[in-house]
Asker: 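A single structure is presented below for examination.
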Amino acid sequence: MPTEVPARIMDATRACLLAEGYANLSTRTVARTAGVPVSQIHYHFGSKENMVLAMLAHENQRLVARQRQMYATQVPLSKRYRQACDFLDIDITSGYVRILQEAIAAGWTERAVADQVLAMLRGWTDLLVTVAREAEERFGTLGPFTADDVATLVAVAFIGGEALILLGDPDWSSRVRVALRRFGDLIELMEDRVEGRA
C-alpha cells in the first residue's frame, strides 16, 4: 500500500485522468488536486508517465486479485464467468476501464507505457488461460482452440468491447454486453452436457 503522499498523488492522478484524459494530463494539475508541490510528484514518481503507470499498476493489481479470488471459488464456471461480466460494469462505472483504455492509447506512442500495459494485460490473460485449462479438463477438447487461444479471444473480446462501450453508443454497448454474456451461455451448455442435463 502506498504511503500517504504517493497515495494522494495517485488518487489525484486517477481523478485528473478521468476528467482530462492522458494527453491533457499535467503534473501541475495533479499536484494541485493532490494538494502537494509538483516536486513531490518528481520525487516519488520521476515523471508523468511513471506517475500514471504506478496508479494503473496499483489498481490493476487489486482487480486481478479480485478476479483470481472469484475464479478460485467452487461455483460452476458459467456463474463465475457471468460474475466477470458483472465486474466489467463495475469497472466501467469506477473509471478503471477508461483509465486502462487511456493507457492503451498512450502506449501507441510511448514504449514504456506500452510495455507496462502489455505486462498488465498478460496478467489478466494468464488468469484466463488457467480458467480455459480448467474448462478443457472438465469439458474435453475446445475444438480447434487451445486453452491459450480461448483465453486470448476472451481477453481481446473484453478489451475491444470495453473500447466500444466507452464510445457511448447505447446500441453498441448493449450488443457488446449481450455478446460477452453469450460466452457464459456456451459454458453453461457445456456444463449441462458433461452433467448429462442436455
Side-chain angles (χ1 to χ4, degrees), residues 1 14 53 55-105 107 114-198:
M1 185 71 165
R14 188 182 197 287
L53 292 177
M55 181 271 306
L56 183 59
H58 179 70
E59 289 216 3
N60 189 70
Q61 182 180 24
R62 180 179 58 83
L63 296 179
V64 170
R66 177 196 67 187
Q67 299 294 105
R68 285 189 190 287
Q69 182 179 7
M70 181 270 295
Y71 274 119
T73 62
Q74 296 303 309
V75 299
L77 182 55
S78 58
K79 288 186 179 179
R80 287 179 277 160
Y81 177 82
R82 288 181 180 122
Q83 179 65 62
C85 291
D86 293 341
F87 285 155
L88 171 62
D89 290 329
I90 291 167
D91 295 344
I92 288 170
T93 301
S94 76
Y96 172 77
V97 168
R98 164 79 189 275
I99 291 166
L100 176 61
Q101 291 288 333
E102 288 279 354
I104 289 170
D115 290 342
Q116 184 161 335
V117 169
L118 288 169
M120 286 187 278
L121 293 176
R122 279 188 199 99
W124 288 92
T125 306
D126 289 348
L127 172 58
L128 291 173
V129 168
T130 302
V131 174
R133 287 184 180 148
E134 175 191 336
E136 193 171 46
E137 288 172 15
R138 177 130 192 260
F139 307 135
T141 180
L142 301 172
F145 301 105
T146 66
D148 285 22
D149 295 335
V150 170
T152 300
L153 288 170
V154 171
V156 168
F158 270 88
I159 294 165
E162 291 166 357
L164 288 171
I165 289 169
L166 289 179
L167 290 174
D169 180 77
D171 180 55
W172 268 109
S173 293
S174 175
R175 289 169 64 183
V176 165
R177 285 180 165 95
V178 167
L180 288 173
R181 286 187 179 274
R182 292 272 190 249
F183 282 103
D185 297 341
L186 178 61
I187 295 167
E188 187 172 16
L189 285 172
M190 295 171 84
E191 288 168 342
D192 288 346
R193 187 187 70 200
V194 166
E195 298 293 327
R197 294 189 299 260

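These figures come from a predicted structure and were not determined experimentally. Sequence positions, counted from 1, serve as the residue numbers for this chain.
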Asker: Any sub-3.5 Å donor-acceptor pair from Thr125's side-chain atoms to Arg122's backbone N or O?
Answerer: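 Checking the backbone N and O of Arg122 against the side chain of Thr125, no donor-acceptor pair under 3.5 Å is found.
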
Asker: State plainly whether the residues Arg175 and Asp169 are in salt-bridge range, i.e. N to O under 4.0 Å.
Answerer: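 Looking at Arg175 and Asp169, the cut-off is not met.
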
Asker: Does the Gln67 side chain pair with the main chain of Leu127, one donor and one acceptor, at a distance under 3.5 Å?
Answerer: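 Between the backbone of Leu127 and the side chain of Gln67 there is no qualifying donor-acceptor contact (under 3.5 Å).
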
Asker: For the residue pair Trp124 and Val64, establish whether any side-chain heavy-atom pair is separated by less than 4.5 Å.
Answerer: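 Yes - at least one pair of side-chain heavy atoms lies under 4.5 Å apart.
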
Asker: Answer yes or no: is there a side-chain heavy-atom contact under 4.5 Å between Arg133 and Asp148?
Answerer: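 Yes, close enough: below the 4.5 Å cut-off.
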
Asker: Between Glu162 and Leu100, is there a side-chain heavy-atom distance shorter than 4.5 Å?
Answerer: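 They are in contact (side-chain heavy atoms under 4.5 Å apart), so the answer is yes.
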
Asker: Heavy atoms only: give me the nearest Gly123-Arg68 pair and the separation to one decimal.
Answerer: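 What the structure gives for the nearest pair is O-NH2, 3.8 Å.
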
Asker: Should the ring pair Tyr81 and Phe158 be called parallel, tilted or perpendicular, given that the plane angle runs from 0 to 90° and is split at 30 and 60?
Answerer: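 Rings of Tyr81 and Phe158: perpendicular, as their planes differ by over 60°.
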
Asker: Glu188 vs Arg182, test: salt bridge (charged side-chain N to carboxylate O under 4.0 Å, His left out). Steps then yes/no.
Answerer: CA-CA 10 Å; Glu188 187 172 16; Arg182 292 272 190 249; over 6 Å; no

Asker: Nearest 0.5 Å, what's the CD1-CD1 distance between Ile104 and Ile159?
Answerer: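 Answer rounded to 0.5 Å: 5.5 Å.
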
Asker: Side chains of Arg138 and Glu191: closer than 4.5 Å at any heavy-atom pair?
Answerer: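 In contact.
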
Asker: How about Glu134: does its CD atom have over 12 heavy atoms from other parts shown lying under 6.0 Å from it?
Answerer: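 Counting neighbours around CD of Glu134, more than 12 heavy atoms of other residues, nucleotides or ligands fall under 6.0 Å, so yes.
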
Asker: Under 4.5 Å between any side-chain heavy atoms of Phe183 and Val154, yes or no?
Answerer: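 Touching, per the 4.5 Å side-chain cut-off.
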
Asker: Measure the spacing between CD1 of Ile90 and CG of Leu63 and express it to the nearest 0.5 Å.
Answerer: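 Output value for this atom pair is 10.0 Å.
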
Asker: Taking all non-hydrogen atoms of both residues into account, name the closest pair between Ala151 and Ala132 and its distance.
Answerer: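 Heavy atoms only, the tightest pair is N-CB, 4.5 Å.
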
Asker: Between the side chain of Thr73 and the main-chain N/O of Gln69, is any donor-acceptor distance below 3.5 Å?
Answerer: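 No: the side chain of Thr73 does not pair with the backbone of Gln69.
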
Asker: So how far is it from Arg82 CZ to Ser78 OG, rounded to the nearest 0.5 Å?
Answerer: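 If I round to the nearest 0.5 Å, the distance is 5.0 Å.
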
Asker: Tell me the closest heavy-atom pair linking Gly107 and Ala114, and the distance in Å.
Answerer: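 Reported closest heavy-atom pair: O-CB, 3.3 Å.
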
Asker: Using every non-hydrogen atom in the two residues, find where Ala147 and Glu136 come nearest and quote the distance to one decimal.
Answerer: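 The answer is CB-OE1, 4.0 Å.
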
Asker: Of all heavy-atom pairs between Arg14 and Ile99, which one has the smallest distance, and what is that distance?
Answerer: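 Scanning both residues completely, I find the closest heavy atoms to be CG-CD1, 3.4 Å.
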
Asker: For Ala57 and Gln116, work out which heavy atoms get closest and say how close.
Answerer: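 In this case the closest contact between Ala57 and Gln116 is CB-NE2, 3.3 Å.
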
Asker: Can you tell me how far apart CD1 (Ile187) and NZ (Lys79) are? Round to the nearest 0.5 Å.
Answerer: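 Spacing of CD1 (Ile187) from NZ (Lys79) equals 13.5 Å.
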
Asker: Could you measure the distance from the CD atom of Glu102 to the CG atom of Leu56? Nearest 0.5 Å is fine.
Answerer: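 If we round to the nearest 0.5 Å, Glu102:CD and Leu56:CG are 11.0 Å apart.
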
Asker: Quick check for you: to the nearest 0.5 Å, what is the distance between Met70 atom CE and Phe87 atom CZ?
Answerer: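 Interatomic distance, Met70 CE to Phe87 CZ, rounded to 0.5 Å: 5.5 Å.
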
Asker: How far apart are the C-alpha atoms of Phe145 and Leu153, what are their side-chain angles, what is the distance that settles it, and do they pass the side chain to side chain contact (heavy atoms under 4.5 Å, CB included) test?
Answerer: CA-CA 10 Å; Phe145 301 105; Leu153 288 170; 3.7 Å; yes

Asker: If you draw the axis of the six-membered ring of Phe139, does the NZ or CZ of Arg193 fall within 45° of it and under 6.0 Å from the ring centre?
Answerer: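 Here Arg193 fails the 6.0 Å and 45° test against Phe139.
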
Asker: Set out, in order, the CA-CA distance, both residues' side-chain angles and the distance that settles salt bridge (charged side-chain N to carboxylate O under 4.0 Å, His left out) for Asp91 and Arg98, then state yes or no.
Answerer: CA-CA 9 Å; Asp91 295 344; Arg98 164 79 189 275; over 6 Å; no

Asker: Just checking, any donor-acceptor pair under 3.5 angstrom between side chains of Asp149 and Thr146?
Answerer: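 There is such a pair between these side chains.
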
